[in-house]
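All figures in this text were calculated on a predicted structure; none of them were measured in a lab. The basis for the numbers below is simple: all heavy atoms, side chains too, and nothing from hydrogens, waters or symmetry mates.
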Amino acid sequence: MEFDYIIIGAGSAGCVVANRLASNNRFSVCLLEAGGKDNYPWIHIPVGYFKTMGNPRTDWCYRTQPDNGLNGRSINWPRGKILGGSSSINGLLYVRGQPEDFEHWRQLGNEGWAWNDVLPYFKKTENWEGAPDDLRGKGGPIQVSKNRVDRDIVKAWLEAAVNKGYKWTDDYNQESQEGVGYFQMTMANGLRCSAAKAYLSPLKGQKNIDIFTNVQTTKILIEKKVAIGVEVIMGGKRKKIRARKEVILCAGAIGSPQVLMLSGLGDQ
């Protein structure tokens with residue numbers, strides 16, 4: 001098999017990259033996912049993360065090394081093993097991150113990572129259901145909803161925090177996250193909006209993208225310091241897929257370094 005682009009991992013990043021490349025219609029795209037399809041009903045029901053986290057069907061079920069700071073305990077480290085990756089099994093909370101962190105990364109020399117550099121991309125990705133705002137996006141693929149749960153105990157906790165002097169924030173995804181308030185969620189019409197739902201669903205029917213599930217990437221094939229393809233286990237057989245242009249690694253914080261090391265790059 002041969003494609004213009006091969007994308008390893010159909011998690012949050014892989015789904016976006018696949019959408020951008022396939023929407024161009026000029027390139028052939030191969031998207032490889034080690035997990036299965038996102039047709040498990042509990043993925044799409046918001047409370048379903050109780051059924052997907054810790055479930056080997058949808059979660060890699062990683063655990064950390066024992067930690068002295070945790071009295072020697074090892075804790076769960078959920079990672080999505082499904083189309084959409086962790087965006088298909090997480091708690092649906094939508095948190096951009098602290099602007100000061102982005103500024104710090106830029107100060108360390110990472111050009112393009114300042115808050116004002118990444119803000120347009122946050123706005124482009126989201127369809128915020130709240131009031132129009134210069135810092136929030138409308139019409140993007142990721143549906144972001146305001147809090148739908150109204151519980152007396154939560155309201156009492158928030159009131160107590162404000163009474164103690166904590167700042168109330170109606171939108172912590174603005175330029176300041178300080179304070180207390182309600183979470184925003186990646187959902188619409190009562191259903192989860194995963195990266196697969198937002199970015200892969202619109203590609204259905206397109207002939208220039210092939211999405212392979214239950215395919216484990218074992219290494220990136222490199223010739224003369226150039227990535228020319230990948231080796232995978234597909235249907236129980238070891239196969240090679242060639243890339244005419246690029247191999248793009250989007251296997252997550254654990255999977256990406258693992259694939260690199262299996263490919264002979266980095267620590268052995």
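Legend: side-chain hydrogen bond (donor to acceptor under 3.5 Å, both in side chains) pairs involving residues 108-125, not counting sequence neighbours: none detected.
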Evaluate the criterion salt bridge (charged side-chain N to carboxylate O under 4.0 Å, His left out) for residue pair K239 and E231; output intermediate values, then yes/no. CA-CA 6 Å; K239 298 184 179 181; E231 181 183 88; over 6 Å; no
The test is salt bridge (charged side-chain N to carboxylate O under 4.0 Å, His left out); show your working for D67 and R73 and say whether it passes. CA-CA 6 Å; D67 192 310; R73 289 177 296 169; over 6 Å; no
Test side-chain hydrogen bond (donor to acceptor under 3.5 Å, both in side chains) on R57 and T52 and set out the steps. CA-CA 8 Å; R57 174 176 178 173; T52 57; over 6 Å; no
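Around the CD1 atom of I153, the shell of radius 6.0 Å holds no more than 12 heavy atoms that belong to other residues, nucleotides or ligands. Atom OH of Y182 has more than 12 neighbouring heavy atoms from other residues, nucleotides or ligands inside a 6.0 Å radius. Residue-environment remark: CG (N163) exceeds the threshold of 12 foreign heavy atoms within 6.0 Å.
Under the 3.5 Å distance criterion, the side-chain polar atoms of D59 are matched with a main-chain donor or acceptor of G54. One N or O on the side chain of S87 and one on the backbone of G84 form a donor-acceptor pair closer than 3.5 Å. The closest donor-acceptor contact from the side chain of T58 to the backbone of K81 lies at 3.5 Å or more, if one exists at all. Side-chain N or O atoms of S28 include one that pairs as donor or acceptor with a backbone N or O of D4 at under 3.5 Å. Distance alone, capped at 3.5 Å, places no donor-acceptor pair between the T217 side chain and the V232 backbone. Side-chain N or O atoms of S88 include one that pairs as donor or acceptor with a backbone N or O of L83 at under 3.5 Å. With hydrogens and angles ignored, the 3.5 Å screen pairs no side-chain donor or acceptor of D210 with any backbone N or O of C30. E246 contributes no side-chain N or O that, together with a main-chain N or O of I6, makes up a donor-acceptor pair within less than 3.5 Å. One N or O on the side chain of N19 and one on the backbone of Y199 form a donor-acceptor pair closer than 3.5 Å.
Between the CG atom of L221 and the CZ atom of R242 there is a distance of 8.0 Å, given to the nearest 0.5 Å. To the nearest 0.5 Å, atoms CD1 (I82) and CG (D38) are separated by 6.5 Å.
For the side chain to side chain contact (heavy atoms under 4.5 Å, CB included) with I7, the qualifying choice from L21, L249, V16, I211 is L21, the only one to do so.
Between the side chains of R192 and N90, a donor-acceptor pair is found at a separation under 3.5 Å. Between the side chains of N76 and R63, at least one donor N or O lies within less than 3.5 Å of an accepting N or O.
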Enumerate, atom names and distances included, each donor-acceptor pair closer than 3.5 Å involving a side-chain atom of residues 134-148, sequence neighbours excluded.
{"from": "R136", "atom 1": "NE", "to": "E126", "atom 2": "OE2", "distance (Å)": "2.8"}
{"from": "R136", "atom 1": "NH1", "to": "D171", "atom 2": "OD1", "distance (Å)": "2.8"}
{"from": "R136", "atom 1": "NH1", "to": "D171", "atom 2": "OD2", "distance (Å)": "2.9"}
{"from": "R136", "atom 1": "NH1", "to": "Q184", "atom 2": "OE1", "distance (Å)": "3.2"}
{"from": "R136", "atom 1": "NH2", "to": "E126", "atom 2": "OE1", "distance (Å)": "3.2"}
{"from": "R136", "atom 1": "NH2", "to": "Q184", "atom 2": "OE1", "distance (Å)": "3.2"}
{"from": "K138", "atom 1": "NZ", "to": "W128", "atom 2": "O", "distance (Å)": "2.5"}
{"from": "K138", "atom 1": "NZ", "to": "G130", "atom 2": "O", "distance (Å)": "2.8"}
{"from": "Q143", "atom 1": "OE1", "to": "N127", "atom 2": "ND2", "distance (Å)": "3.0"}
{"from": "S145", "atom 1": "OG", "to": "M185", "atom 2": "O", "distance (Å)": "3.4"}
{"from": "N147", "atom 1": "OD1", "to": "V149", "atom 2": "N", "distance (Å)": "3.3"}
{"from": "N147", "atom 1": "ND2", "to": "V149", "atom 2": "O", "distance (Å)": "2.5"}
{"from": "R148", "atom 1": "NH1", "to": "E129", "atom 2": "OE2", "distance (Å)": "2.8"}
{"from": "R148", "atom 1": "NH1", "to": "K146", "atom 2": "O", "distance (Å)": "3.4"}
{"from": "R148", "atom 1": "NH2", "to": "E129", "atom 2": "OE1", "distance (Å)": "2.9"}
{"from": "R148", "atom 1": "NH2", "to": "E129", "atom 2": "OE2", "distance (Å)": "3.3"}

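D150 and K155 are joined by a salt bridge, as a carboxylate oxygen and a charged side-chain nitrogen come within less than 4.0 angstrom of each other.
Side-chain contact check for L200 versus L31: some heavy-atom pair is nearer than 4.5 Å.
Hydrophobic clustering places W168 together with Y166 (ILVMFWY residues linked when any side-chain heavy atoms are closer than 4.5 Å, directly or through intermediates).
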